[in-house]
Number of protein chains: 2
Amino acid sequence: MKRILIADDEERMRKLVGDFLKREGFQIIEASNGKEALEIFREESGIDLLILDVMMPEYDGWTVCREIRKYSLVPVIMLTARSEESDELFGFELGVDEYISKPFSPQVLVARVNALLRRIGKNSHTVKAFNGLEIDENSRYVLVDGIKLNLTPKEFELLIYLTENEGRALSRDQILNAVWDFNYYGDVRTVDTHIKKLRLKLGSKGEYIQTVRGLGYRFEVIK
Amino acid sequence: MKRILIADDEERMRKLVGDFLKREGFQIIEASNGKEALEIFREESGIDLLILDVMMPEYDGWTVCREIRKYSLVPVIMLTARSEESDELFGFELGVDEYISKPFSPQVLVARVNALLRRIGKNSHTVKAFNGLEIDENSRYVLVDGIKLNLTPKEFELLIYLTENEGRALSRDQILNAVWDFNYYGDVRTVDTHIKKLRLKLGSKGEYIQTVRGLGYRFEVIK
DNA sequence: ACTGGATCTTCACAGAATGTTCACAAAAGC
DNA sequence: GCTTTTGTGAACATTCTGTGAAGATCCAGT
């Protein structure tokens, strides 16, 4: 069963949306402000979709989306009171997947939720393969040329984050925010040390982790 | 480079949409009716996204989408003249991923295309293309005629700044303020040195960086 | 609560890569 | 031809990354 987190400060709205989605067979989790949404998302694992109201106390919908995008690709639907193009553009840049302006009919909402989940569901493999490097997120296996590696938790999560962003250059700060707690205050160079260990353990596939001088690192498969 | 198939019977519309997307670094293939779209899609491999007009001769957009969904998960954006909810619902059920109603601004289109491609897993695009010179801000790669360059951080940022101001003459001071720390106190001629290195690395595309005597430099694509 | 081992973090140093300056050559404008 | 401006190469300065090791922290088993 798919789990959906709804964040809206109006209880009436949460109930309306929630009821409709429950009827469609989804499990609903509610948050009444942005901060709560962030906390719940971080603690509860396996949330499949987020519905965020733009206007919320503590953190607004944009902020919540931005924070979550630092470490997750979970689909996000944003609810907004008015339909302004500038807002919409802004949202897409933050990584909002859908955009529904109030008032909306529940059918439209349900249709978009289904469409979004269908889309995501099709390319959600728990096993990723990169030319001799296989990663199974569920069983936490990493295989290099078929040989199982023994990675520490941090190393594993670092590798996951890098591969999720294959081809993208990531700054040390981005990596820290994503792999460590997002309010981690420590030495940025810690990333380097973990990269070093990861490269070592990955052996020949360590070259997939490239240094982007002046910025950070990038994962890219070398053929 | 991502390839996009545009199917619309109005040539004017194909051109409008196509031009905007080309400027974003996509490769555009056109079809003037539904039947042609289906044929092209089946023959050409590696099409990354479909933009379909609802109203077309031969087969309409819905039909094309339904047919293609039988064997492909390629993302589909549907263009429609009016924004009716019933149509939208109908479309989501057929497997339409996005839905844009005319008239629309090209920015919204580009934003949705990027959002969709990002979602699908192919990487997103901050890619700019200038006649043989491609710049991908995400991966921090710069390609000249398809070959990757190795630029230093300063060189990269300088190039970004120049291209962002394509066609505009920029003084050395402007460049210093933008690319270096804004309270940088150093030799203005440092810019010259970096321009030199950049031109060298860009090879034949180095000519896009023109000297504006008495002022500074200007980036302009030479056809 | 204790202990030993694994893991994580910090730090300093070396070497490499990059950035800056400067002097002179070349080019452009008058 | 003279002056001003830009191109260029090399020397020098600075910054950044890789690395190893030491110390801190976490965790499972007792």
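A, B, ... follow the sequence lines: proteins, then strands. Residue 1 opens every chain.
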(message) Under 3.5 Å, is there any donor-acceptor pair linking the side chain of A:Arg199 to the base of D:dG18?
(response) no

(message) Can you tell me whether the side chain of B:Arg213 and the base of D:dT4 have a donor-acceptor pair closer than 3.5 Å?
(response) yes

(request) Rounded to the nearest angstrom, tell me the gap between atom CD1 in B:Ile209 and atom P in D:dT8. (result) 12 Å

(message) Could you tell me if A:Thr190 and A:Asp187 have a donor-acceptor pair between their side chains, going purely by distance under 3.5 Å?
(response) no

(request) Counting heavy atoms from C-beta on, name the nucleotide in D:dC16, C:dT7, C:dT10 closest to the side chain of A:Tyr184. (result) C:dT10

(request) To the nearest Å, give me how far apart NE2 (A:His194) and C1' (C:dT10) are. (result) 11 Å

(request) Starting from the 5' end of DNA chain C, give me the residue, B:Lys201 or A:Lys154, whose nearest nucleotide shows up first. (result) A:Lys154

(message) Tell me the interatomic distance from A:Arg189, atom CZ, to D:dC16, atom C1', rounded to whole angstroms.
(response) 7 Å

(request) Please confirm whether the backbone N or O of B:Asn150 pairs with a side-chain atom of B:Lys201, one donor and one acceptor, at under 3.5 Å? (result) yes

(message) Reading DNA chain D from 5' onward, which residue's closest nucleotide shows up sooner: B:Arg172 or A:Tyr217?
(response) B:Arg172

(message) Can you measure A:Leu198 atom CG to D:dT19 atom C1' for me and round it to whole angstrom units?
(response) 16 Å

(message) If you compare every side-chain N and O of A:Thr193 against the phosphate oxygens of D:dT19 (OP1, OP2), does one of them come in below 4.0 Å?
(response) no

(message) If you apply the rule side chain to side chain contact (heavy atoms under 4.5 Å, CB included), what do you find for B:Phe156 with B:Thr152, and how did you get there?
(response) CA-CA 6 Å; B:Phe156 185 79; B:Thr152 71; over 6 Å; no

(message) Within 45 degrees of the ring normal and closer than 6.0 Å to the centroid, is that where the cationic atom of B:Lys148 sits relative to B:Tyr141?
(response) yes

(request) May I ask you to evaluate whether A:Thr211 reaches the phosphate of D:dC16, defined as a side-chain N or O under 4.0 Å from OP1 or OP2? (result) no

(message) Distance check needed: C:dC8 C1' versus A:Leu151 CG, whole Å only.
(response) 15 Å

(request) Identify whether any heavy atom of B:Lys196 sits under 4.0 Å from a base atom; if not, whether one sits that close to sugar-phosphate; answer base, sugar-phosphate or nothing. (result) base

(message) Does a side-chain N or O of B:Trp180 approach OP1 or OP2 of C:dG19 to a distance below 4.0 Å, or not?
(response) no

(request) Under the side chain to side chain contact (heavy atoms under 4.5 Å, CB included) rule, what do B:Tyr217 and B:Asp192 come out as? Steps first, then yes or no, please. (result) CA-CA 9 Å; B:Tyr217 300 91; B:Asp192 296 39; 3.4 Å; yes

(request) Rounded to the nearest angstrom, tell me the gap between atom CG in A:Asp192 and atom P in C:dT9. (result) 13 Å

(request) Report which part of the nucleic acid A:Val188 touches: base, sugar-phosphate, or nothing (heavy-atom distance under 4.0 Å, all strands). (result) nothing

(request) Rounded to the nearest angstrom, tell me the gap between atom CG in B:Asn150 and atom P in C:dA16. (result) 16 Å

(request) To the nearest Å, give me how far apart CG (B:Asp187) and C1' (D:dA11) are. (result) 15 Å

(message) Taking only side-chain N and O atoms of A:Thr190, does any of them lie within less than 4.0 angstrom of OP1 or OP2 on C:dT10?
(response) yes

